Amino acid sequence: MTYAADRLYEETAYIAYHFHWSREQILDLPHAERVRWVREIARINTRVNEG
């Protein structure tokens, strides 16, 4: 099973935008860890937007 390229670009852009990590650093993360960072950033954004 492969991971959709569009989704990978979205995750990479999202993490890079918020954490300023390089493309290489983000792509070196295991898939599960990358998804976890996306979720954590989303939670932070939600809290900031609500507060």
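Basis for what follows: all heavy atoms, side chains included, without hydrogens, waters or symmetry-related copies. This one's a predicted model, so the numbers in the text were calculated from it and none came from an experiment.
Sorted by first and then second residue, the salt bridge (Lys or Arg N to Asp or Glu O under 4.0 Å) pairs involving residues 25-35 (not counting sequence neighbours) are Glu11-Arg34.
Every residue meeting the ring-ring contact (aromatic ring centres under 6.0 Å, His included) condition with His31, not counting sequence neighbours, appears here in chain and number order: Tyr3. Qualifying side-chain hydrogen bond (donor to acceptor under 3.5 Å, both in side chains) partners for Glu40, counting only residues two or more places apart in sequence or in other chains: Arg36, Arg43.
Cluster note: Val48 groups with Ile44 through ILVMFWY side-chain heavy atoms spaced under 4.5 Å, whether in direct contact or through intervening members. Hydrophobic cluster membership for Val38: Tyr14, Ile15, Phe19, Trp21, Ile26, Leu29, Trp37, Ile41 (Ile, Leu, Val, Met, Phe, Trp, Tyr linked by side-chain heavy atoms under 4.5 Å, directly or transitively).
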